[in-house]
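The block underneath contains the structure these notes are about, expressed in structure tokens.
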Amino acid sequence: MTAIDKTKLWIAALMALAAFYFGFHGDPATPLAHRAGALLGGLVAAAGLLWFSQPGRDFMVYCRESALEVRKVVWPKKDETIRMTGVVLVFVTIVALFLWMVDAILASLLSLVAL
């Protein structure tokens with residue numbers, strides 16, 4: 001990352017912080033529309049500045065590739081989802097019962113030792 005890109009990132013971060021400050025903690029006498037405008041305007045300006053930096057362009061490429069990968073996902077059918085949910089619930093119940101039994105056994109052993 002070049003020094004110019006680092007500078008752009010710092011300026012964008014400061015713009016976003018200023019937008020949040022003036023949007024949420026600005027003068028209460030300022031109309032809400034002006035504070036909302038400051039918030040949205042600052043965030044849009046920060047995003048615009050990020051758009052022209054190399055990390056911003058890399059992030060957009062990542063987002064596009066992620067969207068392509070999501071389209072490739074084979075989602076399970078309704079009956080398969082219900083069946084797998086049932087398997088998970090049964091397994092969770094079995095583990096909960098096992099842990100309850102172990103807890104009860106350890107509690108009874110400790111009560112014998114504490115005598």
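For this chain, numbers begin at 1 and follow the sequence in order.
Here the CH2-CE distance, from Trp51 to Met60, works out to 4.0 Å after rounding to the nearest 0.5 Å. The CZ atom of Phe24 lies 5.0 Å from the CG atom of Leu39; values are rounded to the nearest 0.5 Å. Atom OG of Ser111 sits about 11.0 Å away from atom CG of Leu106, to the nearest 0.5 Å.
Without hydrogens or angle criteria, Lys8 side chain to Leu50 main chain gives no donor-acceptor distance under 3.5 Å.
Closest non-hydrogen pair, Ala46 versus Ala16, comes out as CB-N, 4.2 Å. Taking both residues in full, the closest heavy atoms of Ala38 and Ala19 are given as O-CB, 3.8 Å, listed atom of the first, atom of the second, then distance. When all heavy atoms of Ala12 and Leu49 are compared, the pair lying nearest together is N-CD2, 3.7 Å.
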Which atom pairs, one a donor and one an acceptor, fall under 3.5 Å between side chains of residues 82-103 and the rest of the protein, sequence neighbours left out?
from, atom 1, to, atom 2, distance (Å)
Thr85, OG1, Thr81, O, 2.7
Thr93, OG1, Leu89, O, 2.8

Can you give the donor-acceptor pairs under 3.5 Å from side chains of residues 71-79 to other protein atoms, not counting sequence neighbours?
from, atom 1, to, atom 2, distance (Å)
Lys72, NZ, Glu69, OE2, 3.4

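Contact check for Arg35 versus Phe22: no side-chain heavy atoms found under the 4.5 Å cut-off.
Shown here is Ile4, whose CD1 atom has no more than 12 heavy atoms of other residues, nucleotides or ligands within 6.0 Å.
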